[in-house]
Amino acid sequence: MRIAIDMDEVLADTHAAKLAMFREMGYEWSDDEMSGRKVMDLARAEHAERVEAELQQGAIFGDLEVIEDSQAALEALARDNEIFIATAAMEYPASCAHKIAWMQRHFPFVPVMNIVLCGDKSIISADLLIDDSPRHFAGFGGRGICFDAPHNCGQQVDHRLMGWSDAEALVAGFN
């Protein structure tokens, strides 16, 4: 089976990096406050613009923490499946080199030729797409699996992956 996997907030903890930047500006949100909302929408406009400018610089994408259990789960999935990383890098073009280096450092078993830097993910040809943004499932030819994240809580999706420890079992159900 061919599986495409998003990078930000699925493999790389972009959410924690954004929270850390906002914390430096005095923000502290509860899980309830973040549920179903993007943190960029919770801050004052000028602070959100400052974080957005940092993201546009791209370097932060090379220094993100790894989402818990993702390395072991991907390595296990790669034994029996074809794995591609499909990241909407065109939202932050300066991030491309940083994202590739991050993948090579943390997921060296994923061939660099299997890293797809794209914008619209409907172009991806795969059986499954694991992504934290259900908007990427529109136009995608396979099945979408929503990786659980604070911003997508409450969104109705056909399939939801609550964490990487559940990935093998969920994917096996599609075989």
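Worth knowing before you read on, the calculation uses all heavy atoms, side chains too, and leaves out hydrogens, waters and symmetry mates.
Closest of all the heavy-atom pairs between Val10 and Ser70 is O-CB, 4.4 Å. The two residues Phe107 and Leu11 come nearest to each other via the heavy atoms CZ-CD2, 4.0 Å. In terms of heavy atoms, Ala43 sits closest to Ala48 at CB-N, 4.3 Å. Asp132 and Glu9 get closest at one heavy-atom pair: OD2-CB, 3.7 Å. Closest non-hydrogen pair, Asn114 versus Ile83, comes out as ND2-O, 2.8 Å. Contact between Ala89 and Ser95 at its shortest, heavy atoms only, is O-OG, 3.9 Å.
In this structure, Val116 shares a hydrophobic cluster with Phe84, Ile123, Ile124, Leu129, Phe137, Phe140, the cluster being traced through Ile, Leu, Val, Met, Phe, Trp and Tyr side chains under 4.5 angstrom apart.
Counting only distance, with no hydrogens or angles, the side chain of Ser30 and the backbone of Glu33 share a donor-acceptor pair below 3.5 Å. Counting only distance, with no hydrogens or angles, the side chain of Asn81 and the backbone of Leu77 share a donor-acceptor pair below 3.5 Å.
Note that the NE2 atom of His136 and the OG1 atom of Thr87 stand 8.5 Å from one another [nearest 0.5 Å]. Put simply, CZ on Arg37 and CG on Asn152 are 15.0 Å apart, with the number rounded to the nearest 0.5 Å.
Side chains of Ser35 and Pro150 form no contact here, defined as non-hydrogen atoms less than 4.5 Å apart. Side chains of Leu74 and Ile85 form a contact here, defined as non-hydrogen atoms less than 4.5 Å apart. In this structure, Met25 and Val51 have side chains that are in contact, with non-hydrogen atoms separated by less than 4.5 Å. Proximity of Cys118 to Met90: side-chain heavy atoms (C-beta onward) are nowhere separated by under 4.5 Å. Side-chain contact between Arg143 and His159 is present, with at least one heavy-atom pair separated by less than 4.5 Å. Proximity of Ile100 to Leu117: side-chain heavy atoms (C-beta onward) are separated by under 4.5 Å at one or more points. A heavy-atom distance below 4.5 Å is found between the side chains of Met1 and Ile3. Residues His151 and Met34 form no side-chain contact, since every pair of their non-hydrogen atoms from C-beta on lies 4.5 Å or further apart.
Other residues, nucleotides and ligands contribute more than 12 heavy atoms inside 6.0 Å of the CG atom of Asp69. In this structure, Glu68 places its CD atom where only 12 or fewer heavy-atom neighbours from other residues, nucleotides or ligands lie under 6.0 Å away. Gln104 CD: more than 12 foreign heavy atoms inside a 6.0 Å radius. Within 6.0 Å of CD in Gln156 there are 12 or fewer heavy atoms belonging to other residues, nucleotides or ligands. Annotation for Asp31: atom CG does not count as buried by contact number, only 12 or fewer foreign heavy atoms lying within 6.0 Å.
Residue Phe174 is grouped with residue Trp164 when hydrophobic side chains (ILVMFWY) are merged at heavy-atom distances under 4.5 angstrom, including chains of intermediate members. Note on Met162 and Ile130: separate hydrophobic clusters, where clusters join Ile, Leu, Val, Met, Phe, Trp and Tyr whose side-chain heavy atoms are under 4.5 Å apart, directly or indirectly.
Scored by the side chain to side chain contact (heavy atoms under 4.5 Å, CB included) test, His106 finds Val66, Gln71, Trp102 as partners (sequence neighbours excluded). By the salt bridge (charged side-chain N to carboxylate O under 4.0 Å, His left out) test, Lys121 is found to be paired with Asp6, Asp131, residues two or more places apart in sequence or in another chain being considered. Scored by the ring-ring contact (aromatic ring centres under 6.0 Å, His included) test, His98 finds no partners at all (sequence neighbours excluded). With sequence neighbours excluded, no residue satisfies salt bridge (charged side-chain N to carboxylate O under 4.0 Å, His left out) with Arg105.
Side-chain atoms of Ser122 and Asp120 include a donor-acceptor pair closer than 3.5 Å.
Under the 6.0 Å cut-off for aromatic ring centres, Tyr27 and His47 qualify, their centroids lying closer than that.
Salt bridge status for Asp148 with Arg160: present, with a side-chain N to carboxylate O gap under 4.0 Å.
For residues 48-59, the side-chain hydrogen bond (donor to acceptor under 3.5 Å, both in side chains) pairs, not counting sequence neighbours, are Glu52-Gln56, Glu52-Tyr92.
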(Q) Assess the residue pair Ile67 and Asp13 against the criterion (side-chain contact (heavy atoms from CB on, under 4.5 Å)); give the C-alpha distance rounded to whole Å, side-chain angles, the decisive distance to 0.1 Å, and a yes or no. (A) CA-CA 6 Å; Ile67 298 282; Asp13 202 346; 3.8 Å; yes
Q) So Glu65 and Thr14, side-chain contact (heavy atoms from CB on, under 4.5 Å) or not? Walk me through it. A) CA-CA 8 Å; Glu65 295 295 321; Thr14 315; over 6 Å; no
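Of the candidates Leu64, Asp8, Ile115, Lys99 forms a side chain to side chain contact (heavy atoms under 4.5 Å, CB included) with just one, namely Asp8.
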